[in-house]
K.L.:
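Before we start, here is the structure in question, set down as structure tokens.
A quick note: this is a predicted structure, and the numbers were derived from the prediction, not measured. Hydrogens, waters and symmetry mates play no part in the numbers below; they use all other heavy atoms, side chains included.
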Amino acid sequence: MAVETKFVVVRKGEEKMTFASKKEADAHDKLLDMADAFTDWLLQSGMQMDETQAENLGLYLAEQKETVQHILRTSKLPDLNAPAATDRTESDGADTKKIRAVKAA
């Protein structure tokens, strides 16, 4: 008999998604937290939209977090031809050395 461990994201008593790893489940849960925050913010804005529209837009903004952050930082759309930071392979990460600044005593 095989034993499987599954991680389930539950929101408001409803199962949203099932994942094979805790890391993936936590990332999805964080995405849903962000989407909820965007939805609440949109509903409080006074703009004419129903709750479903606010939820859809909130989820979209959360899913596009890197693009939203880039636009807020630079006031420009990101270059669509440039590789995303998440497209790096493990070998790319192994070749770069991280430098950490330390305060001299």
K.L.:
Do the charged groups of D33 and R11 touch, with an N to O distance under 4.0 Å?
P.N.:
yes
K.L.:
Under 3.5 Å, side-chain donor or acceptor atoms of residues 58-65 against the rest of the protein: list the pairs with distances, not counting sequence neighbours.
P.N.:
none

K.L.:
L32 and L57: same hydrophobic cluster, using ILVMFWY side-chain contacts below 4.5 Å?
P.N.:
no
K.L.:
Can you measure from OG (S21) to NZ (K6) and round to the nearest 0.5 angstrom?
P.N.:
13.5 Å
K.L.:
Within the structure provided, determine whether M49 and L42 are in side-chain contact (heavy-atom separation under 4.5 Å).
P.N.:
yes
K.L.:
Do the charged groups of D26 and K30 touch, with an N to O distance under 4.0 Å?
P.N.:
no
K.L.:
Tell me whether L72 shares a hydrophobic cluster with F38, the cluster being built from Ile, Leu, Val, Met, Phe, Trp, Tyr side chains joined at under 4.5 Å.
P.N.:
yes
K.L.:
Looking at every heavy atom in both Q53 and Q48, which two are closest together, and how far apart are they?
P.N.:
OE1-O, 4.5 Å
K.L.:
So, for E51 and L43, which heavy atoms are closest and what is the spacing to 0.1 Å?
P.N.:
CA-CD2, 4.0 Å
K.L.:
Tell me, do H28 and F19 make a side-chain contact under 4.5 Å, heavy atoms counted?
P.N.:
yes
K.L.:
Please report the closest heavy-atom contact between A20 and E24, naming both atoms and the distance.
P.N.:
N-OE1, 3.9 Å
K.L.:
Once rounded to the nearest 0.5 Å, what's the spacing between atom CG of D29 and atom CE of M17?
P.N.:
12.5 Å
K.L.:
What's the shortest heavy-atom distance between F7 and A25, and which atoms?
P.N.:
CB-CB, 3.7 Å
K.L.:
Mind checking who shares a hydrophobic cluster with L77, ILVMFWY linked at side-chain heavy-atom distances under 4.5 Å?
P.N.:
I71
